[in-house]
2 protein chains.
Amino acid sequence: MQQQTYLKGCLSAIVLQLLQDNKRMYGYEITQRVREITAGELQLTEGALYPTLHKLEAEGVLTTENALVDGRNRKYYKLTENGHQQAQSAVSELADFVSNLQKILHLKPSIG
Amino acid sequence: MQQQTYLKGCLSAIVLQLLQDNKRMYGYEITQRVREITAGELQLTEGALYPTLHKLEAEGVLTTENALVDGRNRKYYKLTENGHQQAQSAVSELADFVSNLQKILHLKPSIG
DNA sequence: TCTATATACAAAATTTTCTTAGGTATAATA
DNA sequence: TATTATACCTAAGAAAATTTTGTATATAGA
């Protein structure tokens, strides 16, 4: 499963997309969600994810809330108001990139 | 045009796809071809491309032929026999990755 | 003729980004 | 009681691209 290689650069955009869909998520949840969506083909490693989350938080794109659930600590991340805009542009650029990759690889364009 | 960011990791696969399509190409030609295909939205920088070509050559995926054209030197790259196989698997993995990105971004799957 | 642009290659230093490996801790299951 | 799942995180290193710089020829325009 070497698809991991191609993930480089897309991680932030993927996280931002998930947070547009879900209002708030915690780190572990994000790794599991990506695994679910991709049927196990893509796996975010925690060593890559947490630094990315912290970076986005430092940039003011995300804020956090702590919660204690079933005796375990959780840290929820959600988009700030500014973050929503940045998320939109990051995601739409990634969609454009996908579209360009389709052209290069002779994949048919997405329906819609 | 920040799509460049997402290119990370895909460069080799893109080069290999182009060389599957074209038998042989030289570096500058590759940058121009990508620019054409993507209507200027994606631009391979030479500083990224040449190290990638050299790495693929060192790995035995590509071989080179020099040619003098219009007084300027050209270095053509083409796939080795082994390279064809590696190109196919790299490209199909990138296609799978694109498919996973479509799922995450709620893009409709490619036609076909 | 001089200058800028296009063509064509490449190396070096830097930065970004991920991987690998490790650490802490609780709950549930076998 | 030992393992797995959940849940957070950091640090060292490697990988990969960017930026910067350099070389050189051809062509078009002023």
Side-chain angles (χ1 to χ4, degrees), chain A residues 1-16 18 24-36 40 42-59 61-77 90 94 97 101, chain B residues 1-16 18 24-36 40 42-59 61-77 90 93-94 97:
Chain A
M1 195 227 315
Q2 229 47 29
Q3 281 186 55
Q4 241 58 18
T5 316
Y6 304 123
L7 204 60
K8 270 180 194 289
C10 302
L11 218 175
S12 292
I14 290 173
V15 167
L16 293 174
L18 290 178
R24 66 175 203 174
M25 296 182 85
Y26 54 100
Y28 186 78
E29 186 184 14
I30 293 175
T31 66
Q32 297 310 301
R33 189 64 55 90
V34 168
R35 185 199 283 261
E36 273 173 43
L42 275 186
Q43 259 172 260
L44 304 193
T45 62
E46 300 186 336
L49 178 62
Y50 286 111
T52 295
L53 288 171
H54 300 160
K55 185 184 142 232
L56 290 171
E57 187 183 3
E59 289 170 359
V61 177
L62 304 180
T63 50
T64 60
E65 309 165 356
N66 289 296
L68 192 66
V69 180
D70 292 329
R72 276 190 292 266
N73 202 47
R74 273 186 197 168
K75 195 165 167 184
Y76 284 101
Y77 292 85
L94 181 51
F97 177 69
L101 273 185
Chain B
M1 192 231 312
Q2 229 46 29
Q3 281 184 55
Q4 241 58 18
T5 316
Y6 303 124
L7 204 60
K8 277 174 193 287
C10 303
L11 219 176
S12 292
I14 290 173
V15 168
L16 293 175
L18 290 177
R24 67 175 203 174
M25 297 182 84
Y26 55 100
Y28 186 77
E29 186 184 15
I30 293 175
T31 66
Q32 297 310 302
R33 189 63 54 88
V34 168
R35 185 198 285 261
E36 273 173 43
L42 274 186
Q43 261 172 259
L44 304 192
T45 62
E46 300 186 337
L49 177 63
Y50 287 111
T52 296
L53 288 171
H54 300 160
K55 186 186 142 233
L56 290 171
E57 188 184 3
E59 290 170 359
V61 176
L62 305 179
T63 50
T64 62
E65 307 165 356
N66 290 295
L68 192 65
V69 180
D70 292 330
R72 276 190 293 266
N73 201 47
R74 274 187 197 168
K75 195 165 167 185
Y76 283 101
Y77 292 85
E93 266 160 24
L94 180 52
F97 178 69

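In this text, all values refer to a predicted model and were calculated from it rather than measured experimentally. Chain identifiers are assigned alphabetically (A, B, ...) following the order of the sequence lines, protein sequences preceding nucleic acid strands; residue numbering begins at 1 within each chain.
In this structure, the CD atom of A:Glu65 is 17 Å from the C1' atom of D:dC8, given to the nearest Å. The separation between B:Lys55 atom NZ and D:dA15 atom C1' is 8 Å, rounded to whole Å. The distance between atom CG of A:Leu49 and atom C1' of D:dA11, rounded to the nearest whole Å, is 17 Å.
If you run side-chain contact (heavy atoms from CB on, under 4.5 Å) between A:Val34 and each of A:Leu49, A:Leu11, A:Leu18, A:Val15, only A:Leu18 comes through.
The backbone N or O of A:Gln43 sits less than 3.5 Å from a side-chain atom of A:Gln4, completing a donor-acceptor pair.
A distance of 14.0 Å separates NZ of B:Lys8 from OG1 of A:Thr5, quoted to the nearest 0.5 Å.
For A:Glu57, the side chain to side chain donor-acceptor pair (under 3.5 Å) criterion is met by A:Thr64, not counting sequence neighbours. Residues passing the side chain to side chain donor-acceptor pair (under 3.5 Å) test with A:Glu29 are A:Arg33, sequence neighbours excluded. Listed by chain and residue number, nothing satisfies the salt bridge (Lys or Arg N to Asp or Glu O under 4.0 Å) test with B:Arg74 (two or more places apart in sequence, or in another chain). Partners of B:Arg24 under the side chain to side chain donor-acceptor pair (under 3.5 Å) rule, at least two apart in sequence or in another chain, are B:Glu65.
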Heavy-atom protein contacts under 4.0 Å, nucleotides 7-13 of chain C, coded B base, S sugar-phosphate only, - none: BSBBB--
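The residue B:Leu7 sits apart from the nucleic acid: no heavy atom pair falls under 4.0 Å.
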Where do N or O atoms of nucleotides 14-16 of chain C meet protein N or O atoms at under 3.5 Å, pair by pair?
none

